[in-house]
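Below is one structure, written out as structure tokens, with a few remarks after it.
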Amino acid sequence: QVQLVESGGGSVQAGGSLRLSCKASGLTSSRYYMGWFRQAPGKEREGVATIDSNDRTNYADSVKGRFTISKANAENTLYLQMNSLKPEDTAMYYCAARVGAQRWYFLPPLKSNEYNYWGQGTQVTVSS
């Protein structure tokens, strides 16, 4: 139904930048959430940044002011611009989407269990 494919991960030095992309297919609903989540070894998956179909956004406190989530609707592509990267940003980053939610939040949620479609992930490594 919905497929998500991430790209853009890689290795970068602290203070550098990366832009992640997520190509979506089968996302035909006019109401949806999309977001970026990350998981480091030994840690739980955490929400990084989310956006809804009305372009409302939500960010984890740890990335506010450094990361920016956006989307290009015509291209069905989600982006995460990551600036001022820190070693603690190192993780596998996943693109996620929620379609057909039973309730609509004022801000797109950062909880991973609110999303029902997931990409395969792209690795981001930040060295010091």
Can you see which heavy atom on [X] is nearest to which on [Y], and at what distance?
X	Y	value
Ala14	Ser128	CB-CA, 4.4 Å
Leu107	Thr57	CD2-O, 3.7 Å
Leu18	Leu85	N-CD1, 3.9 Å

Problem set entry | Pairs where residues 32-46 contributes a residue and the test salt bridge (charged side-chain N to carboxylate O under 4.0 Å, His left out) is met, not counting sequence neighbours | Arg38-Glu46, Arg38-Asp89

Seminar exercise, completed: salt bridge (charged side-chain N to carboxylate O under 4.0 Å, His left out) pairs touching residues 114-128, sequence neighbours excluded, are Arg103-Glu114

4.5 Å side-chain heavy-atom contact, [X] and [Y]:
X	Y	answer
Trp118	Cys95	no
Val124	Leu20	yes
Tyr105	Asp52	no
Tyr115	Pro108	yes

Nearest 0.5 Å please: distance from the [atom1] atom of [X] over to the [atom2] atom of [Y].
X	Y	atom1	atom2	value
Asn83	Arg19	CG	CZ	11.5 Å
Gln81	Phe67	CD	CZ	9.5 Å
Met92	Phe37	CE	CZ	16.0 Å
Glu75	Lys23	CD	NZ	6.5 Å
Ser53	Arg31	OG	CZ	7.0 Å
Lys64	Asn58	NZ	CG	7.0 Å

For this session: Verify side chain to side chain contact (heavy atoms under 4.5 Å, CB included) between Leu78 and Trp36, making sure each step is shown before the conclusion.
Result: CA-CA 9 Å; Leu78 180 73; Trp36 291 97; 3.4 Å; yes

For this session: Step through it carefully: locate the ring centre of Tyr33, locate the ring centre of Trp104, and say whether they are under 6.0 Å apart.
Result: yes

Exercise. Checking Thr125 side chain against Thr90 main chain: does a donor-acceptor pair fall under 3.5 Å?
Worked result: no

Problem set entry | Side chain Glu6, main chain Gln120, donor-acceptor under 3.5 Å | yes

For this session: For atom CD of Glu88, decide whether the heavy atoms of other residues, nucleotides or ligands shown that lie under 6.0 angstrom number more than 12.
Result: yes

Mind checking whether [X] and [Y] sit in one hydrophobic cluster, side chains of I, L, V, M, F, W, Y counted as touching below 4.5 Å?
X	Y	value
Tyr59	Tyr79	no
Tyr94	Val63	no
Met34	Leu110	no

For this session: Using side chain to side chain donor-acceptor pair (under 3.5 Å) as the criterion, list what pairs up with Tyr117, not counting sequence neighbours.
Result: Gln1

Exercise. Salt-bridged, Asp55 to Lys71, with N to O below 4.0 Å?
Worked result: yes

